Amino acid sequence: MVIRYRTAKNVDPSLRGGAVSIGNFDGVHRGHAALLSRLRAMADQLKGPAIAVTFDPPPSAILRPGVMPPQLTTIPRRAALIEECGIDHVIVYETDWDLLQQSPQRFFTGLIVDGLGARGMVEGPNFFFGKNRAGDTRLLKQLCRGHDIELEIVEPQKHSQSLISSTRVRELILAGDVERANLLLTQPFQISGTVVSGAARGREIGFPTANLAEISTIIPGPGVYACRVWLASGCCVHAATNIGPNPTFDDAGLKVEVHLIGFDGNLYGQTLALEFLARVRDVARFDSAEALVRQLSSDVRWIDKFLSSQASE
């Protein structure tokens with residue numbers, strides 16, 4: 001269950017007495033999953049709810065406007081992924097200046113002690129809290145000890161000797177390396193956007209595309225990708241997705257264009273969710289529309305075969 005709060009004073013009593021973890025959880029990668037698994041285990045031991053607390057907007061969006069990197073996940077997507085890790089409740093705490101000005105002690109007492117009545121906490125070693133990130137795990141241990149709250153610090157997870165982090169996932173996605181990024185995530189990377197009208201060139205050459213706008217998360221680097229697409233109806237369709245310009249037609253604008261394989265219908269105004277499984281090739285300029293069509297035909301055949309093989313594994 002996802003719950004939004006502006007203050008810890010009105011927290012539902014049923015959420016009290018459990019185990020809590022606080023963080024951005026952006027992307028919900030395998031490091032987050034390891035932490036959330038320990039949270040679930042602690043909550044079961046304490047016979048209370050397992051609760052993850054995240055923030056909207058992220059504190060850095062208020063403290064450093066215009067500098068914060070794009071997010072990997074929307075709040076609804078993030079909450080769904082957290083719940084898939086076995087967590088009972090996701091509290092979305094609405095960030096404001098009052099919250100950001102709270103001392104570590106005031107933040108801890110207001111949310112953890114008075115608000116949630118927590119009996120346990122699980123955090124990573126790089127956890128910071130309170131104004132200017134003044135609180136760290138050393139202070140957290142002292143505060144938990146003083147309120148008889150069990151605390152577990154979970155070490156970061158590694159993949160191929162490198163630490164798993166939201167920053168690393170973001171770097172891979174910006175580079176277009178969605179396959180390596182997916183190895184670090186609990187679910188394949190996904191974006192969502194609204195279908196808007198485009199130049200209709202794709203339809204003219206036999207490959208109609210849905211043009212996506214209003215994408216609030218990070219977008220993979222330029223390239224052609226194999227995607228699974230969920231329509232508003234819940235139907236899943238294979239797709240070839242082009243991200244970037246269209247140099248064959250001298251169009252330098254950055255676009256997200258989705259060709260739904262075998263689909264025929266009106267999608268304008270609908271929200272599509274794209275799951276990225278592989279990067280197929282670079283964006284390229286072709287000598288003619290005919291050469292572009294030949295390449296698109298090859299892309300679509302490969303993508304459909306690849307995604308069908310993924311579904312059967």
Side-chain angles (χ1 to χ4, degrees), residues 1-59 71-96 98-100 102 104-130 135-137 139-141 143-157 166 186-187:
M1 180 170 63
V2 181
I3 308 164
R4 283 185 174 269
Y5 285 115
R6 290 186 63 85
T7 171
K9 294 178 180 178
N10 58 350
V11 171
D12 190 314
S14 68
L15 304 185
R16 296 177 59 85
V20 178
S21 184
I22 302 171
N24 284 324
F25 298 108
D26 191 22
V28 192
H29 53 61
R30 295 188 182 278
H32 294 137
L35 186 151
L36 295 171
S37 175
R38 294 307 309 150
L39 180 66
R40 176 72 269 167
M42 181 182 286
D44 290 341
Q45 176 190 344
L46 296 172
K47 297 183 172 22
I51 298 173
V53 179
T54 191
F55 302 93
D56 186 30
Q71 297 290 282
L72 294 166
T73 45
T74 63
I75 289 294
R77 170 72 171 165
R78 192 178 313 176
L81 292 172
I82 290 172
E83 289 183 328
E84 286 180 13
C85 291
I87 302 308
D88 297 311
H89 306 291
V90 178
I91 291 179
V92 180
Y93 208 96
E94 297 189 15
T95 315
D96 58 21
D98 178 67
L99 176 68
L100 298 176
Q102 292 180 15
Q105 292 83 354
R106 181 186 167 197
F107 174 83
F108 179 87
T109 302
L111 178 60
I112 301 302
V113 179
D114 296 338
L116 293 171
R119 293 192 290 143
M121 287 192 72
V122 179
E123 297 296 345
N126 297 319
F127 176 67
F128 296 95
F129 61 108
D136 56 13
T137 54
L139 176 59
L140 184 63
K141 289 175 183 177
L143 294 171
C144 285
R145 213 166 26 239
H147 290 85
D148 197 25
I149 296 172
E150 183 178 345
L151 174 64
E152 181 176 349
I153 303 297
V154 177
E155 289 303 311
Q157 301 296 297
S166 298
T186 56
Q187 294 290 336

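These figures come from a predicted structure and were not determined experimentally. The first residue of the sequence shown is numbered 1, and numbering continues consecutively from there.
- The two atoms that bring Gly23 and Thr54 nearest to each other are O-OG1, 3.1 Å, heavy atoms only.
- Residues Phe108 and Leu139 fail the side-chain proximity criterion, which asks for heavy atoms closer than 4.5 Å.
- Within the 4.5 Å cutoff, the side chain of Val53 has heavy atoms near those of the Leu116 side chain.
- Between Gly135 and Pro104, the shortest heavy-atom contact is N-CG, 3.4 Å.
- The closest side-chain heavy-atom distance from Phe107 to Ile22 is below 4.5 Å.
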**Request:** Output, in order, the C-alpha distance, side-chain angles, deciding distance and verdict of side-chain contact (heavy atoms from CB on, under 4.5 Å) for Leu72 and Arg78.
**Result:** CA-CA 9 Å; Leu72 294 166; Arg78 192 178 313 176; over 6 Å; no
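- Residue Asp148 places its CG atom among 12 or fewer non-hydrogen atoms of other residues, nucleotides or ligands, all under 6.0 Å distant.
- Inter-residue side-chain proximity for Ile75 and Arg4 is flagged as met; some heavy-atom pair is nearer than 4.5 Å.
- Checked against salt bridge (charged side-chain N to carboxylate O under 4.0 Å, His left out), Arg16 has no partners two or more places apart in sequence or in another chain.
- The shortest side-chain heavy-atom distance between Glu150 and Cys144 does not fall under the 4.5 Å cut-off.
- Looking only at side-chain heavy atoms (C-beta outward), Phe129 and Glu123 stay at 4.5 Å or farther from each other.
- Checking side-chain atoms of Ser21 against main-chain N and O of Val122 turns up a donor-acceptor pair under 3.5 Å.
- Rounding to the nearest 0.5 angstrom, the gap separating the CG atom in Leu140 from the CG atom in Leu151 is 5.0 Å.
- Summarising the geometry, atom CD belonging to Gln157 is positioned 9.0 Å from atom CD belonging to Glu155; distances are rounded to the nearest 0.5 Å.
- Taking CG of Leu81 as the reference point, atom CD1 of Ile87 lies at 12.5 Å (rounded to 0.5 Å).
- The two residues Val2 and Ala79 make their nearest non-hydrogen contact at CG2-CB, 3.5 Å.
- Expressed to the nearest 0.5 Å, how far NE2 of His147 lies from CG of Asp114 amounts to 7.5 Å.
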**Prompt:** Given the rule in the side-chain contact (heavy atoms from CB on, under 4.5 Å) test, do Phe25 and Leu36 qualify, once you have shown the distances and angles that lead to the verdict?
**Reply:** CA-CA 10 Å; Phe25 298 108; Leu36 295 171; 4.0 Å; yes
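- Between atom NZ of residue Lys141 and atom CG of residue Asp136 there is a gap of 9.5 Å, rounded to the nearest 0.5 Å.
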**Message:** Test side-chain contact (heavy atoms from CB on, under 4.5 Å) on Thr186 and Glu84; report intermediate values, then the result.
**Reply:** CA-CA 9 Å; Thr186 56; Glu84 286 180 13; 5.9 Å; no
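- Side-chain contact check for Val28 versus Gln187: every heavy-atom pair is 4.5 Å or farther apart.
- Counting heavy atoms from C-beta on, the side chains of Leu15 and Ile3 come closer than 4.5 Å.
- For the pair Thr73 (side chain) and Gly27 (backbone), a donor-acceptor distance under 3.5 Å is present.
- Between Gly17 and Pro49 the shortest heavy-atom distance is C-CD, 4.3 Å.
- Heavy-atom minimum distance, Gly48 versus Arg119: N-NH2, 4.5 Å.
- Taking every heavy atom of both residues into account, Leu100 and Pro59 meet most closely at CD2-CB, 3.6 Å.
- Within the structure, side-chain hydrogen bond (donor to acceptor under 3.5 Å, both in side chains) contacts touching residues 32-41 (residues at least two apart or in different chains) are His29-His32, Arg38-Glu152, Arg40-Asp44, Arg40-Asp88.
- Under a 3.5 Å cut-off, the side chain of Asn24 and the backbone N or O of Phe55 do not form any donor-acceptor pair.
- For the atom pair OG1 (Thr109) and CG (Leu143), the distance works out to 7.0 Å, reported to the nearest 0.5 Å.
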**Request:** Begin with the C-alpha distance, continue with both residues' side-chain angles, and end with the deciding distance and a verdict on side-chain contact (heavy atoms from CB on, under 4.5 Å) for Leu35 and Phe127.
**Result:** CA-CA 12 Å; Leu35 186 151; Phe127 176 67; over 6 Å; no
